[in-house]
S.K.: 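Got a structure for you, questions after.
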Amino acid sequence: MPVRAILHVDMDAFYASVEQRDDPSLRGKPVLVGHDSRRGVVTTASYEARPSGARSAMPMMEALRLCPDAIVVPVRMARYVEVSEQVFAIFHRYTPLVQGLSLDEAFLDVTASQSLFGDGVAIARAIRSDIKRELHLTASAGVAPCRFVAKIASDLRKPDGLVAVREENVRRFLAPLAIEKMWGVGPKTAPKLRALGFNTLDDLARASVDTLERTLGSWGAHVGALARGEDDRDVDPDRAAKSVGAEQTYEQDLSGHDDIARTLLVHSERIAQRLIREGISARIVAIKLKYADFTLVSRRVTLPEAVADTQSIYAAALQQLERVDVTRARFRLTGVSCEGLVDGPPTLTLFPDRDAAKRRTLEKLAADVADKFGGAGITRATLLGAKDEPRLGATKKRTTRGD
Ligand code: TTP
Ligand code: MG
(Lines give C-alpha, C1' and ligand atoms only; values in the text may rest on other atoms or scores of the structure.)
(Ligands and ions follow the chains in the order given, each with its own letter.)
Protein backbone atom coordinates (compact mmCIF):
# COMPACT_ATOMS: atom_id res chain seq x y z
CA MET A 1 0.00 0.00 0.00
CA PRO A 2 1.41 3.42 -0.85
CA VAL A 3 2.15 5.73 2.08
CA ARG A 4 -0.99 7.65 2.82
CA ALA A 5 -1.12 11.41 3.11
CA ILE A 6 -3.57 12.33 5.85
CA LEU A 7 -4.28 15.90 6.89
CA HIS A 8 -5.88 17.06 10.10
CA VAL A 9 -7.05 20.64 9.84
CA ASP A 10 -8.40 22.53 12.85
CA MET A 11 -9.48 26.17 12.93
CA ASP A 12 -7.82 28.38 15.53
CA ALA A 13 -10.05 29.54 18.41
CA PHE A 14 -12.88 28.99 15.99
CA TYR A 15 -15.92 30.73 17.50
CA ALA A 16 -13.81 33.56 18.91
CA SER A 17 -12.00 34.09 15.61
CA VAL A 18 -15.29 34.32 13.73
CA GLU A 19 -16.48 36.92 16.25
CA GLN A 20 -13.26 38.92 15.90
CA ARG A 21 -13.45 38.78 12.15
CA ASP A 22 -17.08 39.88 12.05
CA ASP A 23 -16.57 42.69 14.59
CA PRO A 24 -13.32 44.60 14.07
CA SER A 25 -13.62 46.17 17.54
CA LEU A 26 -12.85 42.73 19.02
CA ARG A 27 -9.65 42.19 17.07
CA GLY A 28 -6.46 41.83 19.07
CA LYS A 29 -8.49 41.67 22.30
CA PRO A 30 -9.20 38.88 24.78
CA VAL A 31 -12.60 37.48 23.84
CA LEU A 32 -14.62 34.81 25.59
CA VAL A 33 -17.52 33.27 23.70
CA GLY A 34 -20.35 32.11 25.94
CA HIS A 35 -23.09 33.28 28.23
CA ASP A 36 -22.14 36.01 30.64
CA SER A 37 -24.10 34.58 33.52
CA ARG A 38 -23.60 32.61 36.70
CA ARG A 39 -24.17 29.35 34.97
CA GLY A 40 -22.54 30.33 31.68
CA VAL A 41 -19.64 28.31 30.32
CA VAL A 42 -16.83 29.42 28.01
CA THR A 43 -17.12 27.69 24.63
CA THR A 44 -13.82 29.15 23.50
CA ALA A 45 -11.32 31.84 24.40
CA SER A 46 -9.47 33.92 21.82
CA TYR A 47 -5.70 33.49 21.78
CA GLU A 48 -5.34 36.90 23.45
CA ALA A 49 -7.27 35.53 26.44
CA ARG A 50 -5.47 32.22 26.73
CA PRO A 51 -2.28 33.30 28.55
CA SER A 52 -4.50 34.15 31.54
CA GLY A 53 -5.58 30.53 31.74
CA ALA A 54 -9.13 31.10 30.46
CA ARG A 55 -10.18 28.20 28.29
CA SER A 56 -13.02 26.16 26.81
CA ALA A 57 -15.48 24.47 29.16
CA MET A 58 -14.53 26.71 32.11
CA PRO A 59 -17.33 28.46 34.00
CA MET A 60 -17.60 31.99 32.62
CA MET A 61 -17.29 33.50 36.10
CA GLU A 62 -13.99 31.73 36.68
CA ALA A 63 -12.65 32.77 33.28
CA LEU A 64 -13.55 36.38 34.03
CA ARG A 65 -11.70 36.22 37.33
CA LEU A 66 -8.61 35.06 35.45
CA CYS A 67 -9.08 37.50 32.62
CA PRO A 68 -11.05 40.51 33.91
CA ASP A 69 -10.50 42.53 30.72
CA ALA A 70 -12.07 39.93 28.49
CA ILE A 71 -15.00 40.86 26.31
CA VAL A 72 -17.77 38.30 26.52
CA VAL A 73 -19.77 37.68 23.37
CA PRO A 74 -22.75 35.36 23.03
CA VAL A 75 -22.63 32.16 21.02
CA ARG A 76 -24.01 32.57 17.49
CA MET A 77 -24.22 28.95 16.47
CA ALA A 78 -25.98 29.60 13.15
CA ARG A 79 -23.09 31.84 12.12
CA TYR A 80 -20.45 29.23 13.00
CA VAL A 81 -22.36 26.59 11.09
CA GLU A 82 -22.40 28.87 8.05
CA VAL A 83 -18.66 29.58 8.27
CA SER A 84 -18.00 25.89 8.90
CA GLU A 85 -19.72 25.08 5.63
CA GLN A 86 -17.41 27.50 3.84
CA VAL A 87 -14.38 25.91 5.47
CA PHE A 88 -15.54 22.42 4.50
CA ALA A 89 -16.20 23.59 0.94
CA ILE A 90 -12.51 24.52 0.75
CA PHE A 91 -11.52 21.07 2.06
CA HIS A 92 -13.64 19.47 -0.65
CA ARG A 93 -11.71 21.28 -3.39
CA TYR A 94 -8.77 19.04 -2.62
CA THR A 95 -10.36 15.65 -1.87
CA PRO A 96 -13.78 14.05 -1.49
CA LEU A 97 -12.42 12.14 1.52
CA VAL A 98 -13.24 14.64 4.23
CA GLN A 99 -14.28 13.39 7.65
CA GLY A 100 -15.67 16.18 9.79
CA LEU A 101 -15.10 15.74 13.51
CA SER A 102 -16.77 18.93 14.60
CA LEU A 103 -17.64 22.26 13.03
CA ASP A 104 -14.02 23.38 12.87
CA GLU A 105 -12.04 20.20 12.43
CA ALA A 106 -11.63 17.45 9.87
CA PHE A 107 -9.43 14.67 8.62
CA LEU A 108 -8.68 14.68 4.90
CA ASP A 109 -7.19 11.79 2.98
CA VAL A 110 -5.29 13.47 0.15
CA THR A 111 -3.26 10.44 -0.94
CA ALA A 112 -4.87 10.32 -4.37
CA SER A 113 -4.98 14.10 -4.74
CA GLN A 114 -1.20 14.43 -4.76
CA SER A 115 -0.83 13.92 -8.50
CA LEU A 116 -3.05 16.95 -9.04
CA PHE A 117 -2.12 19.31 -6.25
CA GLY A 118 1.36 18.35 -5.04
CA ASP A 119 2.27 16.42 -1.90
CA GLY A 120 0.43 16.49 1.42
CA VAL A 121 2.38 19.48 2.66
CA ALA A 122 1.63 21.46 -0.50
CA ILE A 123 -2.06 20.66 -0.12
CA ALA A 124 -2.06 21.68 3.55
CA ARG A 125 -0.41 24.97 2.54
CA ALA A 126 -2.97 25.54 -0.19
CA ILE A 127 -5.89 24.88 2.14
CA ARG A 128 -4.51 27.17 4.83
CA SER A 129 -3.91 29.92 2.35
CA ASP A 130 -7.41 29.56 0.80
CA ILE A 131 -8.93 29.84 4.28
CA LYS A 132 -6.86 32.91 5.06
CA ARG A 133 -7.45 34.66 1.76
CA GLU A 134 -11.12 33.92 1.36
CA LEU A 135 -12.42 33.63 4.91
CA HIS A 136 -9.92 35.82 6.79
CA LEU A 137 -9.45 33.10 9.38
CA THR A 138 -6.52 30.90 10.33
CA ALA A 139 -6.33 27.13 10.56
CA SER A 140 -3.61 24.82 11.84
CA ALA A 141 -2.79 21.63 10.00
CA GLY A 142 -0.95 18.38 10.56
CA VAL A 143 0.27 16.16 7.72
CA ALA A 144 1.18 12.52 8.41
CA PRO A 145 0.77 8.96 7.14
CA CYS A 146 -2.08 8.31 9.63
CA ARG A 147 -4.90 10.05 11.45
CA PHE A 148 -3.47 9.83 14.95
CA VAL A 149 -0.18 11.49 14.04
CA ALA A 150 -1.84 14.11 11.83
CA LYS A 151 -4.10 15.11 14.70
CA ILE A 152 -1.26 15.47 17.16
CA ALA A 153 0.79 17.39 14.59
CA SER A 154 -1.95 19.94 13.89
CA ASP A 155 -2.06 20.85 17.56
CA LEU A 156 1.68 21.36 18.07
CA ARG A 157 2.18 24.79 16.52
CA LYS A 158 -1.22 26.33 17.10
CA PRO A 159 -2.31 28.93 16.16
CA ASP A 160 -1.63 29.26 12.43
CA GLY A 161 0.80 26.33 12.41
CA LEU A 162 1.72 23.58 9.98
CA VAL A 163 3.54 20.43 11.09
CA ALA A 164 4.39 17.58 8.75
CA VAL A 165 5.68 14.17 9.84
CA ARG A 166 7.15 11.79 7.30
CA GLU A 167 6.64 8.08 7.70
CA GLU A 168 10.25 7.38 8.63
CA ASN A 169 10.05 9.97 11.41
CA VAL A 170 6.78 8.89 13.00
CA ARG A 171 8.30 6.91 15.89
CA ARG A 172 10.86 9.62 16.61
CA PHE A 173 8.17 12.29 16.47
CA LEU A 174 5.86 10.51 18.89
CA ALA A 175 8.41 9.09 21.33
CA PRO A 176 9.18 12.16 23.48
CA LEU A 177 5.60 13.46 23.65
CA ALA A 178 3.83 13.48 27.01
CA ILE A 179 1.19 10.81 27.59
CA GLU A 180 -1.45 13.54 27.71
CA LYS A 181 -1.12 13.74 23.93
CA MET A 182 -2.54 10.24 23.72
CA TRP A 183 -6.08 10.13 22.53
CA GLY A 184 -8.28 9.73 25.58
CA VAL A 185 -5.63 10.28 28.24
CA GLY A 186 -6.98 13.20 30.22
CA PRO A 187 -6.66 14.57 33.72
CA LYS A 188 -8.10 11.39 35.23
CA THR A 189 -6.05 8.77 33.44
CA ALA A 190 -2.74 10.61 33.18
CA PRO A 191 -1.84 10.52 36.90
CA LYS A 192 -2.70 6.85 36.99
CA LEU A 193 -0.32 6.18 34.10
CA ARG A 194 2.41 8.39 35.51
CA ALA A 195 2.23 6.57 38.84
CA LEU A 196 3.03 3.41 36.93
CA GLY A 197 6.05 5.00 35.28
CA PHE A 198 4.48 5.90 31.94
CA ASN A 199 5.50 9.45 31.10
CA THR A 200 5.96 9.59 27.34
CA LEU A 201 4.33 8.00 24.34
CA ASP A 202 7.50 5.97 23.96
CA ASP A 203 6.81 4.39 27.36
CA LEU A 204 3.38 3.37 26.09
CA ALA A 205 4.84 2.21 22.78
CA ARG A 206 7.21 -0.17 24.57
CA ALA A 207 4.76 -1.57 27.12
CA SER A 208 3.36 -5.06 26.65
CA VAL A 209 -0.28 -5.47 25.68
CA ASP A 210 -0.81 -7.26 29.01
CA THR A 211 0.47 -4.34 31.03
CA LEU A 212 -1.55 -1.85 29.02
CA GLU A 213 -4.75 -3.87 29.30
CA ARG A 214 -4.28 -4.24 33.04
CA THR A 215 -3.97 -0.48 33.34
CA LEU A 216 -6.29 0.81 30.67
CA GLY A 217 -8.80 -1.98 30.27
CA SER A 218 -9.93 -2.86 26.82
CA TRP A 219 -8.37 0.23 25.23
CA GLY A 220 -4.88 -0.94 26.16
CA ALA A 221 -3.80 -2.66 22.97
CA HIS A 222 -5.16 0.15 20.84
CA VAL A 223 -3.32 2.78 22.85
CA GLY A 224 -0.06 0.85 22.52
CA ALA A 225 -0.41 0.64 18.76
CA LEU A 226 -1.23 4.32 18.42
CA ALA A 227 1.80 5.23 20.51
CA ARG A 228 3.92 3.39 17.95
CA GLY A 229 2.17 5.32 15.19
CA GLU A 230 0.30 2.23 14.01
CA ASP A 231 -3.08 3.52 12.95
CA ASP A 232 -4.67 2.22 9.79
CA ARG A 233 -8.10 3.75 10.39
CA ASP A 234 -9.43 5.21 7.18
CA VAL A 235 -10.65 8.73 6.73
CA ASP A 236 -14.32 7.99 6.42
CA PRO A 237 -16.38 10.74 4.85
CA ASP A 238 -19.71 9.20 5.84
CA ARG A 239 -18.80 8.26 9.34
CA ALA A 240 -20.98 10.84 11.03
CA ALA A 241 -24.09 9.31 9.53
CA LYS A 242 -23.27 5.75 10.37
CA SER A 243 -24.00 3.24 13.03
CA VAL A 244 -22.35 0.17 14.44
CA GLY A 245 -24.66 -2.73 15.14
CA ALA A 246 -24.84 -6.40 15.96
CA GLU A 247 -27.85 -8.60 15.42
CA GLN A 248 -28.70 -12.23 15.30
CA THR A 249 -31.42 -14.43 13.90
CA TYR A 250 -31.97 -17.55 15.98
CA GLU A 251 -32.96 -20.92 14.69
CA GLN A 252 -35.19 -21.44 17.67
CA ASP A 253 -37.30 -18.49 18.67
CA LEU A 254 -36.36 -16.78 21.91
CA SER A 255 -38.78 -16.04 24.68
CA GLY A 256 -38.57 -14.60 28.15
CA HIS A 257 -36.99 -11.39 29.29
CA ASP A 258 -33.82 -12.93 30.64
CA ASP A 259 -32.87 -14.84 27.53
CA ILE A 260 -33.47 -11.79 25.39
CA ALA A 261 -31.43 -9.68 27.78
CA ARG A 262 -28.52 -12.10 27.49
CA THR A 263 -28.49 -11.76 23.73
CA LEU A 264 -28.44 -7.99 24.10
CA LEU A 265 -25.40 -8.34 26.31
CA VAL A 266 -23.59 -10.39 23.69
CA HIS A 267 -24.44 -7.80 21.02
CA SER A 268 -23.34 -4.97 23.31
CA GLU A 269 -19.98 -6.57 23.88
CA ARG A 270 -19.36 -7.01 20.16
CA ILE A 271 -20.31 -3.42 19.50
CA ALA A 272 -18.06 -2.16 22.30
CA GLN A 273 -15.13 -4.04 20.80
CA ARG A 274 -15.81 -2.49 17.43
CA LEU A 275 -16.17 1.04 18.82
CA ILE A 276 -12.90 0.68 20.70
CA ARG A 277 -11.11 -0.61 17.65
CA GLU A 278 -12.39 2.29 15.55
CA GLY A 279 -11.61 4.81 18.25
CA ILE A 280 -15.14 6.15 18.45
CA SER A 281 -18.00 6.31 20.89
CA ALA A 282 -21.77 6.58 20.54
CA ARG A 283 -24.54 8.79 21.83
CA ILE A 284 -27.50 6.68 20.73
CA VAL A 285 -28.28 3.08 21.62
CA ALA A 286 -31.11 1.27 19.87
CA ILE A 287 -32.54 -2.22 20.16
CA LYS A 288 -34.42 -4.17 17.54
CA LEU A 289 -36.60 -7.22 18.09
CA LYS A 290 -38.28 -9.27 15.41
CA TYR A 291 -41.30 -11.29 16.55
CA ALA A 292 -41.82 -14.82 15.33
CA ASP A 293 -44.40 -13.37 12.91
CA PHE A 294 -41.72 -11.02 11.52
CA THR A 295 -43.20 -7.89 13.08
CA LEU A 296 -40.39 -5.52 13.99
CA VAL A 297 -40.17 -3.39 17.07
CA SER A 298 -37.37 -0.98 17.89
CA ARG A 299 -36.61 1.40 20.72
CA ARG A 300 -33.82 3.92 21.02
CA VAL A 301 -32.38 6.30 23.56
CA THR A 302 -30.04 9.27 23.29
CA LEU A 303 -27.58 9.28 26.14
CA PRO A 304 -26.28 12.41 27.86
CA GLU A 305 -22.70 11.33 27.11
CA ALA A 306 -21.09 9.22 24.43
CA VAL A 307 -20.23 5.70 25.56
CA ALA A 308 -18.11 2.88 24.20
CA ASP A 309 -18.01 0.18 26.85
CA THR A 310 -20.07 -2.99 27.05
CA GLN A 311 -21.67 -2.16 30.37
CA SER A 312 -22.98 1.25 29.32
CA ILE A 313 -24.30 0.01 25.99
CA TYR A 314 -25.89 -3.00 27.65
CA ALA A 315 -27.46 -0.87 30.39
CA ALA A 316 -29.04 1.39 27.75
CA ALA A 317 -30.20 -1.58 25.69
CA LEU A 318 -31.74 -3.23 28.74
CA GLN A 319 -33.55 -0.04 29.59
CA GLN A 320 -35.04 -0.07 26.10
CA LEU A 321 -36.03 -3.71 26.50
CA GLU A 322 -38.09 -2.72 29.53
CA ARG A 323 -40.19 -0.62 27.17
CA VAL A 324 -41.25 -3.66 25.17
CA ASP A 325 -43.76 -6.15 26.51
CA VAL A 326 -42.00 -9.45 25.94
CA THR A 327 -44.27 -11.67 28.00
CA ARG A 328 -45.70 -14.54 26.01
CA ALA A 329 -44.03 -13.31 22.83
CA ARG A 330 -41.48 -15.23 20.79
CA PHE A 331 -38.70 -13.55 18.91
CA ARG A 332 -36.64 -14.73 15.99
CA LEU A 333 -34.13 -11.89 15.96
CA THR A 334 -32.58 -9.47 18.41
CA GLY A 335 -30.21 -6.63 17.69
CA VAL A 336 -28.48 -3.67 19.22
CA SER A 337 -27.07 -0.74 17.34
CA CYS A 338 -25.14 2.36 18.29
CA GLU A 339 -25.58 5.58 16.40
CA GLY A 340 -24.64 9.20 16.87
CA LEU A 341 -20.99 8.23 16.58
CA VAL A 342 -18.35 10.69 17.69
CA ASP A 343 -14.60 10.54 17.35
CA GLY A 344 -12.60 9.59 20.39
CA PRO A 345 -13.29 7.70 23.56
CA PRO A 346 -16.09 8.58 25.96
CA THR A 347 -15.49 11.72 27.96
CA LEU A 348 -16.63 10.46 31.32
CA THR A 349 -15.83 6.79 31.67
CA LEU A 350 -12.48 6.89 29.92
CA PHE A 351 -10.78 3.57 30.15
CA PRO A 352 -13.42 1.95 32.31
CA ASP A 353 -11.89 -0.44 34.75
CA ARG A 354 -13.10 -3.73 33.47
CA ASP A 355 -11.77 -6.13 36.01
CA ALA A 356 -11.19 -9.73 35.26
CA ALA A 357 -14.24 -10.90 37.23
CA LYS A 358 -16.58 -8.77 35.17
CA ARG A 359 -15.02 -9.99 31.98
CA ARG A 360 -15.35 -13.60 33.05
CA THR A 361 -19.03 -13.12 33.87
CA LEU A 362 -19.57 -11.67 30.47
CA GLU A 363 -17.76 -14.46 28.72
CA LYS A 364 -19.72 -16.99 30.73
CA LEU A 365 -23.01 -15.38 29.79
CA ALA A 366 -22.01 -15.40 26.16
CA ALA A 367 -21.09 -19.06 26.47
CA ASP A 368 -24.43 -19.79 28.17
CA VAL A 369 -26.28 -18.28 25.27
CA ALA A 370 -24.27 -20.36 22.84
CA ASP A 371 -24.97 -23.50 24.89
CA LYS A 372 -28.61 -22.85 25.28
CA PHE A 373 -29.28 -22.16 21.65
CA GLY A 374 -26.79 -24.64 20.37
CA GLY A 375 -23.32 -24.00 19.08
CA ALA A 376 -24.56 -24.43 15.56
CA GLY A 377 -27.90 -22.81 16.19
CA ILE A 378 -26.33 -19.52 17.04
CA THR A 379 -25.09 -18.16 13.77
CA ARG A 380 -22.39 -15.61 14.13
CA ALA A 381 -23.69 -12.15 14.77
CA THR A 382 -22.61 -9.86 12.04
CA LEU A 383 -21.22 -6.49 12.79
CA LEU A 384 -22.92 -4.37 10.28
CA GLY A 385 -21.02 -1.59 8.67
CA ALA A 386 -23.40 1.23 8.41
CA LYS A 387 -24.16 0.80 4.78
CA ASP A 388 -26.74 -1.83 5.67
CA GLU A 389 -28.20 0.23 8.44
CA PRO A 390 -30.80 2.94 8.25
CA ARG A 391 -29.31 6.38 8.32
CA LEU A 392 -29.66 8.64 11.29
CA GLY A 393 -31.44 11.30 9.40
CA ALA A 394 -31.98 12.44 5.89
CA THR A 395 -29.11 14.85 6.04
CA LYS A 396 -25.57 14.26 7.09
CA LYS A 397 -24.80 15.89 10.35
CA ARG A 398 -21.42 16.78 11.64
CA THR A 399 -20.97 16.44 15.34
CA THR A 400 -20.66 19.60 17.32
CA ARG A 401 -19.26 19.73 20.77
CA GLY A 402 -20.86 21.72 23.44
CA ASP A 403 -24.39 21.40 22.16
P1 TTP B 1 -11.56 23.48 19.39
O2 TTP B 1 -11.02 23.26 18.03
O3 TTP B 1 -11.28 22.48 20.46
O4 TTP B 1 -11.06 24.87 19.97
P5 TTP B 1 -10.85 26.22 19.24
O6 TTP B 1 -11.03 26.13 17.77
O7 TTP B 1 -11.69 27.25 19.93
O8 TTP B 1 -9.35 26.55 19.59
P9 TTP B 1 -8.04 25.85 19.04
O10 TTP B 1 -8.47 24.78 18.09
O11 TTP B 1 -7.26 26.93 18.35
O12 TTP B 1 -7.34 25.33 20.25
O13 TTP B 1 -13.13 23.66 19.30
C14 TTP B 1 -13.75 24.30 18.21
C15 TTP B 1 -14.96 25.07 18.64
O16 TTP B 1 -15.86 24.19 19.33
C17 TTP B 1 -14.64 26.17 19.61
O18 TTP B 1 -14.32 27.37 18.96
C19 TTP B 1 -15.88 26.25 20.43
C20 TTP B 1 -16.47 24.88 20.40
N21 TTP B 1 -16.24 24.20 21.68
C22 TTP B 1 -17.27 24.16 22.61
O23 TTP B 1 -18.35 24.64 22.35
N24 TTP B 1 -17.03 23.53 23.80
C25 TTP B 1 -15.82 22.99 24.13
O26 TTP B 1 -15.65 22.46 25.23
C27 TTP B 1 -14.77 23.04 23.15
C28 TTP B 1 -13.43 22.45 23.46
C29 TTP B 1 -15.03 23.65 21.95
MG1 MG C 1 -10.14 24.58 16.71
Side-chain angles (χ1 to χ4, degrees), residues 7-23 26-27 29-37 39-60 62-63 67 70-88 90-91 98-108 124 127-128 131-132 135-142 147 150-163 180-181 183-184 186-187 240 281 283 304-306 342-348 350 397-403:
L7 269 51
H8 179 260
V9 186
D10 187 310
M11 303 297 289
D12 301 317
F14 184 51
Y15 298 180
S17 305
V18 170
E19 296 300 338
Q20 289 177 317
R21 181 196 68 176
D22 288 356
D23 178 355
L26 299 175
R27 290 186 197 158
K29 301 209 175 122
V31 171
L32 302 172
V33 181
H35 287 288
D36 188 3
S37 72
R39 293 178 46 208
V41 170
V42 178
T43 62
T44 194
S46 73
Y47 273 85
E48 293 84 353
R50 292 192 190 191
S52 71
R55 53 179 171 72
S56 295
M58 184 179 269
M60 185 59 82
E62 188 183 340
C67 189
I71 304 167
V72 179
V73 298
V75 177
R76 292 186 300 153
M77 195 46 91
R79 181 68 173 145
Y80 315 138
V81 169
E82 190 183 335
V83 179
S84 171
E85 278 165 9
Q86 294 164 343
V87 171
F88 275 73
I90 291 175
F91 296 160
V98 176
Q99 177 179 340
L101 303 178
S102 70
L103 285 182
D104 86 321
E105 176 190 2
F107 286 116
L108 287 74
I127 288 174
R128 280 167 23 87
I131 290 174
K132 212 171 276 185
L135 306 179
H136 309 287
L137 292 168
T138 61
S140 296
R147 282 170 38 173
K151 175 138 183 165
I152 289 186
S154 75
D155 199 46
L156 278 189
R157 302 233 175 96
K158 259 184 171 296
D160 202 12
L162 170 60
V163 174
E180 283 80 2
K181 292 279 180 202
W183 172 90
S281 32
R283 283 285 304 277
E305 293 286 341
V342 296
D343 207 57
T347 43
L348 282 184
L350 287 186
K397 187 171 170 288
R398 276 198 293 276
T399 52
T400 315
R401 276 169 296 170
D403 63 6

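Ligands are counted one by one from 1 in listed order, and the atoms in each one are counted from 1 as well.
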S.K.: Partners of Lys29 by salt bridge (Lys or Arg N to Asp or Glu O under 4.0 Å), sequence neighbours excluded?
M.R.: none
S.K.: Does CZ belonging to Arg21 count more than 12 external heavy atoms closer than 6.0 Å?
M.R.: yes
S.K.: With respect to atom 9 (P) of ligand 1, which of Pro159, Ser140, Ala13 exhibits the smallest heavy-atom separation?
M.R.: Ala13
S.K.: Indicate the atoms forming the closest heavy-atom contact of Phe107 with Arg147, along with that distance.
M.R.: CE2-O, 3.3 Å
S.K.: Distance under 4.0 Å to a non-hydrogen atom of Phe14: what atoms of ligand 1 satisfy this?
M.R.: 5 (P), 6 (O), 7 (O), 18 (O)
S.K.: Please determine whether any non-hydrogen atom of Glu19 lies less than 4.0 Å from an atom of ligand 1.
M.R.: no
S.K.: For the Mg ion (ligand 2), find the closest N/O/S atom on Asp104 and give its atom name.
M.R.: OD2
S.K.: Give a yes/no on ligand 1: does Tyr47 have at least one heavy atom closer than 4.0 angstrom to it?
M.R.: yes
S.K.: Strictly below 4.0 Å, N to O, side chains only: are Lys151 and Asp10 in salt-bridge contact?
M.R.: no
S.K.: Indicate whether any N or O donor in one side chain lies under 3.5 Å from an N or O acceptor in the other, for Thr138 and Asp12.
M.R.: yes
S.K.: I need the contact type for Thr43 against ligand 1. Using non-hydrogen atoms and a strict under-4.0 Å cut-off, is it side chain, backbone, both or neither?
M.R.: both
S.K.: Any side-chain heavy atom of Gln20 sitting closer than 4.5 Å to one from Ser46?
M.R.: yes
S.K.: Any nitrogen or oxygen of Lys158, main chain or side chain, under 3.5 Å from a nitrogen or oxygen of ligand 1?
M.R.: yes
S.K.: Determine, step by step, whether Ile131 and Phe91 satisfy the side-chain contact (heavy atoms from CB on, under 4.5 Å) criterion, reporting the C-alpha distance in whole Å, the side-chain angles of both residues, the deciding distance to 0.1 Å, and the verdict.
M.R.: CA-CA 9 Å; Ile131 290 174; Phe91 296 160; 4.2 Å; yes
S.K.: Within a distance under 4.0 Å of any heavy atom of Arg50, pick out the atoms of ligand 1 and give their elements.
M.R.: 5 (P), 7 (O), 8 (O), 9 (P), 11 (O), 12 (O)
S.K.: Which ligand 1 atoms are under 4.0 Å away from a heavy-atom of Thr44?
M.R.: 5 (P), 7 (O), 17 (C), 18 (O), 19 (C)
S.K.: Please determine if the Mg ion (ligand 2) has an N/O/S atom from Met11 lying under 2.8 Å away.
M.R.: yes
S.K.: Is the distance from the Mg ion (ligand 2) to some N, O or S atom of Asp10 under 2.8 Å?
M.R.: yes
S.K.: Looking at ligand 1, does any of its N/O atoms fall within less than 3.5 Å of an N/O of Glu105?
M.R.: no
S.K.: Would you say Glu105 has an N, O or S atom lying under 2.8 Å from the Mg ion (ligand 2)?
M.R.: no
S.K.: What are the two closest heavy atoms between Ser84 and Phe14, and how far apart are they?
M.R.: N-CZ, 4.1 Å
S.K.: Once side chain to side chain donor-acceptor pair (under 3.5 Å) is applied, do any residues pair with Glu82, and if so which ones, sequence neighbours excluded?
M.R.: Arg79
S.K.: Taking only heavy atoms of Met11, which atoms of ligand 1 are found under 4.0 Å from at least one of them?
M.R.: 6 (O), 9 (P), 10 (O), 11 (O)
